[in-house]
Participant: 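Mind having a look at this structure? Questions to follow.
A quick note: this is a predicted structure, and the numbers were derived from the prediction, not measured. In what follows, every chain begins at residue 1, and chains take the letters A, B, ... in the order their sequences are listed.
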Protein chains: 2
Amino acid sequence: MRDDAAHISSPEKRTAGPGRPRSFDEAAALESAMNVFWQKGFEATSLDDLTKAMGLSRSSFYATFGCKQTLFLRALEHYSENGIRGLKEVSETATDDPVDAMMQALSDPKGGPRGCLLVNCITELAPHDDKVAEIGRRHLENIEDLFAAAIDPANPDSVRDRASAYSSLAIGTLALRKAGLPADRIARTLKQARTVLMP
Amino acid sequence: MRDDAAHISSPEKRTAGPGRPRSFDEAAALESAMNVFWQKGFEATSLDDLTKAMGLSRSSFYATFGCKQTLFLRALEHYSENGIRGLKEVSETATDDPVDAMMQALSDPKGGPRGCLLVNCITELAPHDDKVAEIGRRHLENIEDLFAAAIDPANPDSVRDRASAYSSLAIGTLALRKAGLPADRIARTLKQARTVLMP
DNA sequence: TCAATATTGGACTGAACGGTCCAGAAATAG
DNA sequence: CTATTTCTGGACCGTTCAGTCCAATATTGA
């Protein structure tokens with residue numbers, strides 16, 4: 001994300017007509033790209049990394065996604081939608097304590113030690129990139145909303161602040177995880193914090 | 001931090017003798033470098049950025065600091081020492097609630113929206129760089145130790161887990177900050193969490 | 001068959017990168 | 001003075017980067 005964002009062209013999709021049809025799945029390619037960004041961050045991901053992972057030639061890449069930045073932003077949106085949907089499901093299917101279940105899910109995401117793609121990107125890019133910051137804010141806000149909804153309605157005091165605290169606590173443990181601490185230790189700490197400190 | 005670390009030469013310092021003496025302050029130069037890394041991260045910081053900020057020629061840079069990586073690690077150590085010392089002072093001079101004072105200090109560091117250099121670097125580099133991960137772990141551990149020491153000894157249950165939770169909560173708010181939320185809003189949330197949820 | 005579109009893979013560009021090297025000036029100790 | 005060391009500024013090198021372009025080929029609708 002080195003400089004401006006002048007060339008944000010997004011080639012509109014063709015509906016039908018003559019010519020060879022597209023032979024790859026755009027959604028699958030986007031998913032693959034998302035995983036590369038998740039593992040390496042934006043700057044450290046090269047176009048060769050992307051085309052290789054997506055199984056596309058350079059030409060198809062640019063014809064389909066425009067440029068690295070726009071693909072990246074699409075990957076972020078895709079990640080956010082998926083993540084929020086997953087977290088909502090965790091909250092709804094939790095048998096015992098939805099707040100704890102959500103914190104556990106956030107602190108140990110499916111990506112493993114890669115952490116949360118959006119938190120990574122906020123750290124790396126948000127201060128210098130408004131669009132990333134905007135997507136990041138929305139994502140964090142959605143997480144807070146889910147916590148707020150999961151908080152026991154019998155105790156309606158300062159719901160927003162409590163939701164924010166739960167969310168921040170879980171997100172904070174991602175740093176521990178990336179620094180190399182084992183997931184089970186973090187899970188235990190989180191459960192303790194939930195039951196002892198933040199009931 | 002692209003690949004290995006074969007060339008970690010650190011030119012030992014000269015004590016006296018003939019010849020032109022060094023005309024710049026090595027410690028000040030290190031401090032400047034640290035600030036650049038703090039603002040831009042490791043990968044996004046170029047050698048021109050560094051030499052410009054440090055007021056050194058390229059030649060002096062390499063003669064003094066060896067290479068970008070070693071300088072970076074020194075900057076991290078320097079930051080950690082300063083930060084831990086500062087946090088300790090916050091804890092010791094806090095009139096009312098040292099835990100809250102420490103959380104506030106962590107969540108709104110002197111660097112402003114740049115967040116915490118070490119948390120940034122953990123996010124950016126730790127999964128791919130053992131040395132950074134090691135420095136990061138030590139830093140986080142030191143922070144936890146300070147929280148543990150600041151916890152009211154009249155309530156000695158699960159001190160370690162509580163310290164970890166306070167630390168993670170404060171660190172988690174850094175993501176909110178970087179995403180653009182105003183500092184005072186975060187400070188308020190943190191104070192609420194402290195007094196209402198985590199007394 | 002023919003026009004239209006998509007595919008590939010690689011050549012290419014211009015820029016930025018980290019790092020090396022050198023020549024010459026400047027400042028010290030003896 | 002001389003020897004020694006550090007200073008500067010820029011040239012230079014090999015690599016990597018994002019992005020462009022092209023020629024050849026493949027697959028469709030009409």
Participant: The side chain of A/Lys68 is closest to which nucleotide in this list: C/dT7, D/dA18, C/dC17?
Facilitator: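 Given the options C/dT7, D/dA18, C/dC17, the side chain of A/Lys68 is closest to D/dA18.
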Participant: Return yes if a side-chain donor-acceptor contact under 3.5 Å exists between A/Asn120 and A/Lys178, otherwise no.
Facilitator: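 There is such a pair (donor and acceptor under 3.5 Å, judged by atom type) between the side chains of A/Asn120 and A/Lys178.
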Participant: Would you state whether a donor and an acceptor, one from the side chain of B/Arg58 and one from the base of D/dG10, lie under 3.5 Å apart?
Facilitator: no
Participant: Which nucleotide sits closest to the side chain of A/Tyr62: C/dT8, D/dA18, D/dT8?
Facilitator: D/dA18
Participant: Can you tell me if B/Arg194 uses its side chain to pair, donor with acceptor, with the backbone of B/Thr189 under 3.5 Å?
Facilitator: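 Here the side-chain-to-backbone pair does not exist.
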Participant: Would you mind checking if A/Glu134 and A/Arg137 are paired as a salt bridge, meaning a charged N to carboxylate O distance below 4.0 Å?
Facilitator: yes
Participant: Is there a donor in the side chain of B/Glu144 and an acceptor in the side chain of B/Ser164, or the other way round, less than 3.5 Å apart?
Facilitator: yes
Participant: Quick one: is A/Ser59 getting a side-chain N or O under 4.0 Å of the C/dA6 phosphate, OP1 or OP2?
Facilitator: no
Participant: Tell me which residues in residues 28-36 of chain B lie within less than 4.0 Å of DNA chain C, going by non-hydrogen atoms.
Facilitator: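 Contacting residues: none.
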Participant: How is B/Thr45 classified with respect to the nucleic acid when contacts are heavy atoms under 4.0 Å: base, sugar-phosphate, or nothing?
Facilitator: sugar-phosphate
Participant: Answer yes when A/Arg185 and B/Asp161 have at least one side-chain N-carboxylate O distance shorter than 4.0 Å, and no when they do not.
Facilitator: no
Participant: Quick one: CZ on A/Phe42 to CG on A/Leu76, what's the gap to the nearest 0.5 Å?
Facilitator: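 Separation between the atoms: 9.5 Å.
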